[in-house]
Amino acid sequence: MDRHDRDGQTDAGRHAHRGQESARERPRLRTTSNHSMDPVVASRVPTPSAATTTGQPLPIEPYRKELVDAISELGLLVIVGETGSGKTTQIPQYILGHDPNARIVVTQPRRIAAISNAKRVAEEMGERNVGNRVGYVIRFEAVVSPATQLRYVTDGVLLRELVDDGALSAYDVVIVDEAHERTVGTDILLGLLKQCKRKRPDLKLLIMSATLDVEKYSDFFDSCPIFQIPGRPYPVEIMYARSMRLAALQTSFVDRAVDTVLHIHRHERQGDILVFLTGSQEIERAVTATQKLDAQLDYRRDVAHYHSKDPDDRRVVGMSVFGLYASLETGQQREIFEPARPGYRKVVFATNIAQVCLYAIRWTTTRRWCEIGHGGHDDQTSITIPGIVFVVDCGFVKQKLYDPVTHMDALVVTPISQAAATQRAGRAGRTEPGKAYRLYSHEAFSDLPPNTEPEIQRSALLDTVLALKAMNVHNVQNFDFVDAPNPDLLTAALRDLFLLGAIDDPKGLGHLTLLGRQLMQLPVSPWVGRALIAAAAEFKCSSEMVVIAAMLSVESVWVELRGKAAADSKRQAQVHEQRRQFFDRTGDHLTLYNVYSAWRNHDNSRSWCRENLLHHRALEQAQKIKRQLESILDKWSVPDTSARDPTTSRLDPVPILRALCTAYYPNLAKKQVSRPVFYQYAVHHGKRADSDALMSLAIHPTSALAAAVEKGDPRVGEIEWVLYHDIIYTTRANMRFVSRIWRWEWVEPYVPRLDRAMAAAAAAEGAEDGDEKVESAAAMQSEKPTPSTSAGSADDAQKAKREAAITAARERALKRRRVG
DNA sequence: GAGCACTGC
């Protein structure tokens with residue numbers, strides 16, 4: 001295959017060049033073209049000093065004095081250094097060396113990074129245990145003591161501390177690490193820390209980033225100086241596909257990725273291959289296709305390295321092909337990190353999970369493999385998959401985009417940014433010089449946006465706005481964001497907070513209510529929290545709702561079939577039958593409760609999970625969240641109540657569903673007669689029939705009610721009204737976690753609030769769209785869910801209009817992305 | 001007929 005051109009400039013070369021450009025503007029900025037040893041390898045050497053195996057210092061070491069001087073002199077600094085330069089582990093130690101009494105906090109976007117950095121630094125400082133001078137705090141786990149001076153925390157933890165103490169008086173130095181990832185947490189933190197720094201000029205603030213677009217942070221912090229640390233481990237050569245545009249690539253990247261893997265396997269030297277794709281289904285398809293092509297290879301004839309004369313170069317005799325994505329079962333994730341059999345080239349098809357960080361595992365004295373992601377993180381450290389020399393980058397990523405108009409998340413395949421492409425390529429140069437094959441042309445690369453759109457500009461901001469309000473930021477629109485989110489996102493969040501009763505004014509300038517303060521205390525989505533408070537305070541079913549709240553807060557508990565099994569309709573039907581044992585006739589919320597109860601009744605058994613195709617990891621996480629929620633309710637002195645009849649022990653679903661209505665009444669949907677399609681009531685009822693906000697909602701295929709809606713089920717009966725947890729738009733708009741509502745009285749008390757919110761929205765839009773009127777609550781009453789109610793049958797024109805509404809929502813989201 | 005990745009008193 002020769003459609004890949006060699007790009008004259010290596011990735012490292014380009015970086016050095018860009019760095020020098022910036023150096024002219026910022027006198028403190030340093031650059032270098034040195035390539036150092038892989039610092040991850042270095043860190044595994046169990047010596048107190050941070051040195052590589054050959055005794056070479058970490059890239060950051062020569063700058064120790066200058067850094068310490070800059071930090072103590074300036075107090076506010078942006079530090080750039082690529083992953084592995086040593087900035088996260090060394091800088092806090094330098095500060096402690098200079099000021100032995102300093103109290104330092106370092107934020108990380110991921111739990112696992114907080115843990116592994118704390119462990120590494122404790123080891124380097126010669127500490128016997130983590131939790132003495134060096135510790136970490138993440139949800140469910142605080143490994144600190146009164147002696148702890150340096151703590152690594154997730155950004156959510158520091159946010160919570162800021163709610164209680166806006167001056168952060170517990171710290172002298174705050175370090176925000178991985179700022180380039182631009183998570184919502186980091187972005188909010190930066191805005192709040194800017195305020196905090198004004199109140200406390202003595203607070204030292206360091207922003208650390210791995211990408212070069214740091215001028216943005218410098219500008220944000222009043223043009224503060226930037227300090228650059230050198231250190232890309234090894235050069236990576238970049239190969240581009242000749243004249244391949246992204247539009248053409250989007251429909252063919254799986255096949256092209258497989259072709260490229262085969263090309264590398266046949267012609268390139270030894271080394272494993274990491275391929276970036278967008279989703280689990282493509283990954284399974286690519287794995288199957290690659291295995292099939294491998295089986296057809298005649299190694300003697302087709303594979304250059306079969307006849308290698310180099311004694312160090314083992315004969316290549318096969319491929320070991322793996323997939324890697326988050327919803328994979330733990331056991332299958334862990335296979336990837338085991339070395340391939342001798343003579344076999346390892347190929348890993350992965351989602352973006354591999355771009356940011358790869359969580360592998362140290363083979364410890366306990367001889368225990370650890371899980372990736374949630375839970376079970378003992379002995380984990382973050383390293384790359386060993387031996388990756390080649391990276392194949394498809395140029396796309398799957399991203400969630402929230403549309404504030406329809407309150408809908410869309411999961412869309414989007415071109416990556418140049419910064420993301422650089423990070424992906426960097427995965428090839430961790431243990432030796434590598435090569436990255438981009439499936440798109442150099443020209444297509446130039447057309448990519450330089451940086452990934454910050455998450456805050458494409459997410460629902462309900463939690464964020466709630467947190468800001470709790471910190472007395474009443475005019476959220478005027479908050480000092482690094483990049484301001486679209487005003488529609490803020491308006492939508494304010495509307496939802498009003499609907500939940502968390503703020504007292506739908507226009508958003510209002511203050512947090514008592515309920516709002518309570519929601520802030522609960523570490524779950526405000527929707528879930530509202531249902532829990534209603535269950536505890538009003539409907540006497542807290543013990544059931546803590547389970548449902550916890551289950552709604554974790555990833556899906558259902559294990560999906562993979563590969564060949566997924567294509568087998570008989571096997572699929574079997575799985576569905578197996579799941580039915582948990583299904584509740586009222587819908588998914590009580591089904592989640594049933595799953596959890598069954599798991600508890602089987603002593604939290606892992607093997608029982610495997611037999612029943614359930615994710616043990618998710619259930620364990622749910623149990624932790626449940627306990628946390630229970631302890632908060634305890635602290636509030638809320639009595640434990642149950643909807644179970646003490647004599648018959650029969651569970652009454654009505655109080656549970658009514659408590660859910662308290663929160664989710666805006667997510668009420670009405671089924672169309674003789675069609676398995678619903679309309680969202682809140683949007684529907686106040687608008688004219690031809691409004692483009694009308695759109696059809698389908699039921700998620702994993703829902704307990706899916707079969708009943710599609711085919712009818714005498715056990716469930718006729719479904720007319722449902723409430724849902726959320727909507728995810730993929731090829732259609734799917735409601736997830738759906739339960740039946742069969743009494744109008746359950747939602748009626750909350751409808752006036754809906755009217756008020758809509759009236760406020762209409763008043764805001766009034767000037768530009770005076771034509772559109774919100775109907776009165778009285779007119780709306782005709783929509784009451786009585787058995788006689790029948791919506792007009794949808795004629796074709798109307799149906800087309802609704803489909804167009806979905807397309808419009810999607811385009812709005814994409815347009816926002818482009819403009820944003 | 002499903003479907004990126006994170007996170008929280």
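All heavy atoms count here, side chains included; hydrogens, waters and symmetry mates do not. Lettering of chains follows the sequences in order, A, B, ..., and the numbering in each one begins at 1.
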Looking only at side chains, do A:Asn612 and A:Arg579 share a donor and an acceptor under 3.5 Å apart?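 Side chains of A:Asn612 and A:Arg579: no pair found under 3.5 Å.
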
Taking atom types as modelled, find out whether A:Tyr440 and A:Asp393 have a side-chain donor-acceptor pair closer than 3.5 angstrom.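 Yes, side-chain donor-acceptor contact under 3.5 Å.
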
Quick one: [X] [atom1] to [N] [atom2], roughly how many Å, whole number?
| X | N | atom1 | atom2 | value |
| --- | --- | --- | --- | --- |
| A:Leu519 | B:dC9 | CG | P | 15 Å |
| A:Leu462 | B:dG8 | CG | C1' | 14 Å |
| A:Arg732 | B:dG1 | CZ | P | 6 Å |
| A:Gln628 | B:dG8 | CD | C1' | 7 Å |
| A:Leu401 | B:dC4 | CG | C1' | 11 Å |

Return the nearest nucleotide to the side chain of [X]; candidates are [options].
| X | options | result |
| --- | --- | --- |
| A:Val157 | B:dT7, B:dA2, B:dC9 | B:dC9 |
| A:Arg160 | B:dC9, B:dT7, B:dG3 | B:dC9 |
| A:Lys635 | B:dA2, B:dC9, B:dT7 | B:dC9 |
| A:Pro701 | B:dG3, B:dA2, B:dG8 | B:dA2 |
| A:Arg110 | B:dG8, B:dT7, B:dA2 | B:dT7 |
| A:Pro523 | B:dC9, B:dC6, B:dA2 | B:dC9 |
| A:Ser280 | B:dG8, B:dG3, B:dA2 | B:dG3 |
| A:Leu411 | B:dA2, B:dG3, B:dT7 | B:dG3 |

So that I know where these two stand, are A:His589 and A:Tyr724 an aromatic pair - ring centroids less than 6.0 Å apart?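 Not under 6.0 Å, so no.
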
Classify the nucleic acid contact of [X] as base, sugar-phosphate or nothing, counting any heavy atom under 4.0 Å across all strands shown.
| X | result |
| --- | --- |
| A:Glu282 | nothing |
| A:Thr154 | sugar-phosphate |
| A:Gln521 | sugar-phosphate |
| A:Gly279 | sugar-phosphate |

Please tell me if [X] has a side-chain N or O lying less than 4.0 Å from either OP1 or OP2 of [N].
| X | N | result |
| --- | --- | --- |
| A:Asn734 | B:dA2 | yes |
| A:Thr278 | B:dG3 | no |
| A:His700 | B:dG3 | yes |
| A:Thr351 | B:dA5 | yes |
| A:Ser327 | B:dG3 | no |
| A:Ser631 | B:dC9 | no |

A:Asp588 with A:Arg736: basic N within carboxylate O range, under 4.0 Å: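 No salt bridge links A:Asp588 with A:Arg736.
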
Listed once per pair and sorted, the salt bridge (charged side-chain N to carboxylate O under 4.0 Å, His left out) pairs that draw on residues 523-537 of chain A, sequence neighbours left out: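 Checked against salt bridge (charged side-chain N to carboxylate O under 4.0 Å, His left out) - neighbours excluded - no pair reaches residues 523-537 of chain A.
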
On the side chain of A:Glu555, is there an atom forming a donor-acceptor pair with the base of B:dA5 - under 3.5 Å, no angle test?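 Between B:dA5 and A:Glu555, which were checked side chain against base, a qualifying N/O pair under 3.5 Å is absent.
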
Ring pair (Phe, Tyr, Trp, His ring centres under 6.0 Å) against A:Phe396, all qualifying residues, sequence neighbours excluded: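 Here the qualifying residues are A:Phe253.
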
Given DNA chain B, 5'-ward residue of the pair A:Met520 and A:Lys400, judged by closest heavy atom: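 Nearer the 5' end of the strand: A:Lys400.
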
